[in-house]
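Count residues from 1 along the sequence.
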Amino acid sequence: MEETYKDRTSLMKGAKDIAKEVKRQAVKKVNKAVDRAQDGYTQRSYNRFQDEEDDDDYYVQGGNYGVEANDDEGSSEATEGHDEDDEIYEGEYQGIPHMGQGKDGMVALGQPMRDEYKDRHELETERKADEEELAQQYELIIQECGHGRFQWALFFVLGMALMADGVEVFVVGFVLPSAETDMCIPNSGSGWLGSIVYLGMMVGAFFWGGLADKVGRRQSLLICMSVNGFFAFLSSFVQGYGFFLFCRLFSGFGIGGAVPTVFSYFSEVLAREKRGEHLSWLCMFWMIGGIYASAMAWAIIPHYGWSFSMGSAYQFHSWRVFVIVCALPCVSSVVALTFMPESPRFLLEVGKHDEAWMILKQIHDTNMRARGQPEKVFTVNRIKTPKQIDELIEIESDTGTWYRRCFVRIRTELYGIWLTFMRCFNYPVKDNTIKLTAVWFTLSFGYYGLSVWFPDVIKHLQSDEYASRVKHFRNEEVSHFVFNFTLENQIHSNGEYINDRFIMMKFKSVTFEDSLFKNCVFEDITSLNTYFRNCTFINTTFYNTDLEQYKFVDSELINCTFFHIRTGCQISFDDDYSAYWIYFVNFLGTLAVLPGNIVSALLMDRIGRLTMLGGSMVLSGISCFFLWFGTSESMMIGMLCLYNGLTISAWNSLDVITVELYPTDRRATGFGFLNALCKAAAVLGNLIFGSLVGITKAIPILLASTVLVCGGLVGLRLPDTRTQVLM
């Protein structure tokens, strides 16, 4: 009995010595991030120490070092399941004070400081350290998951969303001429359609990019693509020009979130050695979208017979069918996205460890089964999650109305997006944001500016050639004659038409000036760009024609009768090959980027992102000087293909650099801001370059060349991200 008492006394004495040492060590580490010890890799590093000390367990009951221990088991209920190492390193048992010692609002000596007693700077410092550790661990996990079936499935799903973005850019240019004619849009309002879509895309890129960093990549992409698909489909049925602009505005607002969200999403499931190449392959879907839009426009819009009408109030022409067909990639991406998981990197960033682990295990198992290795086990047990910093959110009380609560919630989310955006200008990403802003703006300004300048110059050359072939007829005197054939590209001046009949005719680009029509009949007439200027009509009958009042400019109608006049603007592509020519030019220009896409994908990880970005922009700027020799349509088309082929490598490398330079918590926000800036530069480039068509070649060439070369030199100053993990 006495020996047992001595053993117990020595055991208690040893426990007290250990407790004193624990207190002394804990005081030194009171301001350190204790939760870092919960990381899986850190735990494994302590396992060896735990095994060595497995036989020297000391137990204390009730948090008081001086109480008696249990005789039978040598442990207590209060510390059951906790070994010595856990208590020392994880902070679960480090100097708990005696009864009455710890009071409210005080931090006990030897315990880690709780988060509520730390200022925001300390919490952000701890979070930054956690994020750096997570970045390294996540790269190893993605390498263990491998690259296989899951990444390729996500590749095609996100590719459809990117394809929808390419279609949206091209569909406006293809629809604009037909929509202007169908809706009788005056020249003063025709430019609004192109600008309104880019305005929607600009706002949408910023909003959806910020939302993707708040609610997740998948959810943000699903919502923005659904908005785009709904309003694109609705725009094909509306009749008024104002409502049509409204639908295309929100359609652009929806599709604006595709590019920043898609690249952020896909980059977070790729290993470092695969990221540059496969993000470049993903860029090809934007080109495929342009080819798809060109081919569908070529096949559908000129077919005037693909239409129906419900009276004179509702017209559904072929260009509306084209709008519906162009919404199919968007609908397909929405359906496919419902079967894809959220980005695991985003889930870890917001502290959802278990959901992220399950998705990473799904990626691993999917790829291993595809390789024929289903028995291979996912070995990761714990993944580091950054410290979560609670944000103060002001919400209306339960007594508030539902719309007030919705308003406050929306305001809070928008404020959160704004705060995330402002963090893009904090150290250490501030310098990168400024440089990326310069590169995105210059590349977009030069690319979109010349892209709209090329087709306009080609159309200007066509117009000049068409005008040079106009036929003039002066002082005609025609009586008792039946006109039943097509008149095209003609000007008739000072003519007299007495008792003539114009039956089942087509007038295309025909002008009558200072002419007299007496006792004439116009029946079943279709006209395009046809006007009667300063003419006189006496006892003339108009039956089933589209000759409305605005086509009679300063003309006098005496005792004339109109029957069954077709109101509205009439679309006709019969014998009109200019539409085919526009679609064919855009098709060739889009197809020309295929070699550049292939080269950039194969060399992105070999020669580096910066070399490709700077070299492509400088070469594009130099190629602008070849425009001096573009004196014909074929030469201008060749220059367009060369220019597009060179610039696509710059776009691909810029997309890759952007997603790699921003950390996960602001990656989509930063990308969305830069993409919004891209759309603003595109509108500015369209306005400046479009105003110079037919005036001079020198200013567009020098302007585009200068901004591209300067942007390329700035791009070379960006940090190289080829060997970095995704932060």
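Using a 4.5 Å cut-off on side-chain heavy atoms (C-beta onward), V215 and I223 make no contact. At least one side-chain heavy atom of L221 sits under 4.5 Å from a side-chain heavy atom of L158. Between C145 and F378, the closest side-chain pair of non-hydrogen atoms falls below 4.5 Å. Side-chain atoms of S444 and L677, non-hydrogen and from C-beta on, never get closer than 4.5 Å to each other. Under the 4.5 Å side-chain criterion, counting only non-hydrogen atoms from C-beta, V169 is in contact with W286. In this structure, the side chains of F250 and N228 stay at 4.5 Å or more apart for every pair of heavy atoms. Residues L328 and Y292 form a side-chain contact, since some pair of their non-hydrogen atoms from C-beta on lies under 4.5 Å apart. Counting heavy atoms from C-beta outward, S653 and M604 have side chains that approach closer than 4.5 Å.
Between K435 and D431 no salt bridge is recorded (no basic side-chain N to carboxylate O distance below 4.0 Å). For the pair R275 and E660, the salt-bridge criterion is met [side-chain N within less than 4.0 Å of a carboxylate O]. Here K376 does not pair with D365 in a salt bridge; the nearest charged N to carboxylate O distance is not below 4.0 Å.
The heavy-atom pair separating L162 from C283 by the smallest distance is CD2-CA, 4.0 Å. Scanning all heavy atoms of the two residues, the minimum distance from C247 to F231 falls at O-CB, 3.5 Å. In terms of heavy-atom proximity, P719 sits nearest to L661 at CG-CD2, 3.5 Å. The shortest heavy-atom contact between A297 and F322 is N-CE1, 3.3 Å. Annotation for R217 and S343: closest pair CD-CB, 4.2 Å, computed over non-hydrogen atoms. T437 and T433 make their closest contact through OG1-O, 2.7 Å (heavy atoms, listed as atom of the first residue, atom of the second, distance).
The main-chain N or O of R423 is found under 3.5 Å from a side-chain atom of R666 such that the two form a donor-acceptor pair. A distance-only check finds a donor-acceptor pair linking the side chain of S235 to the backbone of A232 [under 3.5 Å]. In terms of modelled atom types and a separation under 3.5 Å, the side chain of T366 and the main chain of F150 share no donor-acceptor contact. With H353 contributing its side chain and I383 its backbone, the two residues share a donor-acceptor pair below 3.5 Å. Side chain of T261 to main chain of A258: no donor-acceptor pair is present (N/O by atom type, distance under 3.5 Å, no hydrogens or angles). Of the possible polar contacts, none joining the S649 side chain to the S616 backbone as a donor-acceptor pair under 3.5 Å is found. Counting only distance, with no hydrogens or angles, the side chain of D213 and the backbone of T669 share a donor-acceptor pair below 3.5 Å.
Using modelled atom types, one finds no donor on one side chain facing an acceptor on the other under 3.5 Å when comparing N652 with S280. Side chains of K679 and N675: a donor-acceptor N/O pair is present below 3.5 angstrom, by distance only. In summary, the side chains of Y662 and S264 do not present any donor paired with an acceptor at a separation below 3.5 Å, with no hydrogens or angles considered. Residues Q151 and N367 have side chains that bring a donor and an acceptor to within less than 3.5 angstrom of each other.
Note: Q143 CD to R272 CZ = 6.5 Å, rounded to the nearest 0.5 Å. Residue Q137 holds its CD atom at 8.5 Å from CG of L348, rounded to the nearest 0.5 Å. To the nearest 0.5 Å, atoms CZ (F253) and CZ (F206) are separated by 11.5 Å. Here I141 contributes atom CD1 and L360 contributes atom CG; the two are 6.0 Å apart, rounded to the nearest 0.5 Å. Taken from CE in M225 to OG in S332, the straight-line distance is 9.5 Å, to the nearest 0.5 Å. I701 CD1 to S623 OG: the interatomic distance, rounded to the nearest 0.5 Å, is 10.5 Å.
Between W651 and W440, the two ring planes are perpendicular [angle over 60°; tilted spans 30° to 60°]. Ring geometry, F155 versus F285: the interplanar angle exceeds 60°, so the pair is classed perpendicular (tilted spans 30 to 60°). Taking the six-membered ring where tryptophan is involved, the planes of H147 and W152 are perpendicular, since the angle between them exceeds 60° and thus also 30°.
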Working note: E349 + Y138, criterion side-chain contact (heavy atoms from CB on, under 4.5 Å); need CA distance, chi angles, decisive distance, verdict.
CA-CA 11 Å; E349 193 70 25; Y138 189 79; over 6 Å; no
So M163 and M287, side-chain contact (heavy atoms from CB on, under 4.5 Å) or not? Walk me through it.
-> CA-CA 7 Å; M163 179 179 172; M287 174 203 71; over 6 Å; no
Exercise. Determine, step by step, whether Y265 and F346 satisfy the side-chain contact (heavy atoms from CB on, under 4.5 Å) criterion, reporting the C-alpha distance in whole Å, the side-chain angles of both residues, the deciding distance to 0.1 Å, and the verdict.
Key: CA-CA 9 Å; Y265 193 172; F346 168 80; over 6 Å; no
- [ ] With side-chain contact (heavy atoms from CB on, under 4.5 Å) as the test, would you mind laying out the steps for Y448 and Y198 before giving the verdict?
- [x] CA-CA 12 Å; Y448 285 103; Y198 276 101; 3.7 Å; yes
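If you look at W281 and F266, their ring centroids are not closer than 6.0 Å.
Atom CZ of R717 is surrounded by 12 or fewer heavy atoms from other residues, nucleotides or ligands within 6.0 Å.
Of the residues R667, R218, R345, the one that meets the salt bridge (Lys or Arg N to Asp or Glu O under 4.0 Å) test with E268 is R667.
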